[in-house]
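First comes the structure, then the notes that go with it.
It should be emphasised that the depicted structure is a prediction, and the values quoted were computed from it without experimental measurement.
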Amino acid sequence: FSQEDAIYCVDASGNILYQNMDRKESKIPEQIYEKLLSEQKKGNNYTQIENDGQDFMAVFAFSGKSSWGIIELIPVSSFFHRKISLLATAILLVILVMVVGITLSFYLSENFTKPIGAVTTYMTEVASGNFDSNLELQCKNEIYDLGQNAMTMVSEIKKLMEEAIEREREKHDMEIRLLQNQINPHFLYNTLDSIHWKAIKNKDYMVADQLEALSGIFRHVLSKGRDL
């Protein structure tokens, strides 16, 4: 209750046994007291009354045995001021909740929502084959650790892929060299042999002999003394 509220403790006759305000009243006015008792019988514990030209909201409770009771008189005019006070309090609470909500939303966005989105985008790019994609996180929490582990994993995968590609390249080059070593001498010998027999067919025996000698030299040099 406020300082404007008057509180009375009364006996069965309406005599004031206690009051919180320094007044000379010794008894509740009879018509007011009778009205309160009437409302009590109806099951009500509050009603509006008029006293000394001022309207009050009377809130009361009486004992069933002794009819002693407590009465509180609240000026009706004070209700407006209380409503303004409650409204201002409610507005302040709403503003406070909004500020806390915005702050919390910003914190969650910066530390969880945005980092998770960045990690998801990074993994999507890696899945599409872009192993050079970079992940930058400003937060220092579990999401940051997750991002760092993801980057380490992608770096290891990239390294393994590069090593595998290099091994395949070396294997391919070796196969080409081996194939060339097998094909080039035979191609040369077959070409010289074909020209040799054409020279014999044309009865150019001197050219044929020279080609045969040249073929023998190539066979000895390229085979390094081994039979081909």
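Pairing each heavy atom of Pro75 with each of Gln54, the nearest pair is CB-NE2, 3.6 Å. Residues Met123 and Met153 come closest through the heavy atom pair CE-CE, 4.0 Å. Here the shortest heavy-atom pairing between Ile28 and Ile32 reads CG2-CG2, 4.1 Å. Residue Ala58 comes nearest to Ile49 through the heavy atom pair CB-CD1, 4.1 Å, listed as atom of the first residue, atom of the second, then distance.
From Glu156, atom CD reaches atom CE of Met161 across 13.5 Å, with rounding to the nearest 0.5 Å. Rounded to the nearest 0.5 Å, atoms CD (Glu168) and CD (Glu170) are 10.0 Å apart. Rounding to the nearest 0.5 angstrom, the gap separating the NZ atom in Lys41 from the CZ atom in Phe62 is 11.0 Å. Residue Ile102 holds its CD1 atom at 11.0 Å from CG of Leu104, rounded to the nearest 0.5 Å. In this structure, CG on Leu36 lies 10.5 Å from CD on Gln31, to the nearest 0.5 angstrom. How far CD of Glu34 is from CG of Leu37: 5.5 Å, rounded to the nearest 0.5 Å.
For the pair Asn45 (side chain) and Ala61 (backbone), a donor-acceptor distance under 3.5 Å is absent. No donor-acceptor pair under 3.5 Å is formed between the side chain of Asn44 and the backbone N or O of Gln40. In this structure, the side chain of Ser128 engages the main chain of Glu125 through a donor-acceptor pair within 3.5 Å. Not one N or O on the side chain of Ser155 forms a donor-acceptor pair closer than 3.5 Å with the backbone of Met151. A donor-acceptor pair is defined here as one N or O able to donate and one able to accept, closer than 3.5 Å; no such pair exists between the side chain of Lys35 and the backbone of Thr47. A donor-acceptor pair under 3.5 Å is formed between the side chain of Thr120 and the backbone N or O of Ile116. With Asp11 contributing its side chain and Ser13 its backbone, the two residues share a donor-acceptor pair below 3.5 Å.
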Margin query: Working note: Val10 + Ile71, criterion side-chain contact (heavy atoms from CB on, under 4.5 Å); need CA distance, chi angles, decisive distance, verdict.
Written below: CA-CA 8 Å; Val10 298; Ile71 303 172; 4.1 Å; yes

Notebook entry, point to check: Run the side-chain contact (heavy atoms from CB on, under 4.5 Å) check on Ile70 and Phe60 step by step: do they pass?
Noted result: CA-CA 6 Å; Ile70 296 177; Phe60 50 87; over 6 Å; no

Item checked: Candidate pair Phe56 and Glu50, rule side-chain contact (heavy atoms from CB on, under 4.5 Å), full reasoning -> CA-CA 6 Å; Phe56 293 89; Glu50 181 180 350; over 6 Å; no

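Criterion: ILVMFWY side-chain heavy atoms under 4.5 Å apart, direct or through other members. Under it, Leu92 and Val100 are not part of a common hydrophobic cluster. Trp197 is not connected to Val207 by any chain of hydrophobic side-chain contacts under 4.5 Å among Ile, Leu, Val, Met, Phe, Trp and Tyr, and they are in different clusters. Clustering ILVMFWY residues whenever any of their side-chain heavy atoms sit less than 4.5 angstrom apart, transitively, puts Leu87 in the very cluster that holds Ile95. No chain of hydrophobic side-chain contacts below 4.5 Å, direct or via other Ile, Leu, Val, Met, Phe, Trp or Tyr residues, connects Tyr205 to Leu211. Under a hydrophobic-cluster definition in which Ile, Leu, Val, Met, Phe, Trp and Tyr are linked whenever side-chain heavy atoms come within less than 4.5 Å, directly or via other members, Leu214 and Ile200 are assigned to different clusters.
Heavy-atom neighbours of Glu30 CD from other residues, nucleotides or ligands within 6.0 Å: at or below the threshold of 12.
Contact check for Glu162 versus Lys158: side-chain heavy atoms found under the 4.5 Å cut-off.
Annotation: side chain to side chain contact (heavy atoms under 4.5 Å, CB included) contacts of Gln19 (sequence neighbours excluded): Tyr8, Ile16, Arg23, Glu25. Residues passing the salt bridge (Lys or Arg N to Asp or Glu O under 4.0 Å) test with Arg169, sequence neighbours excluded: Glu166.
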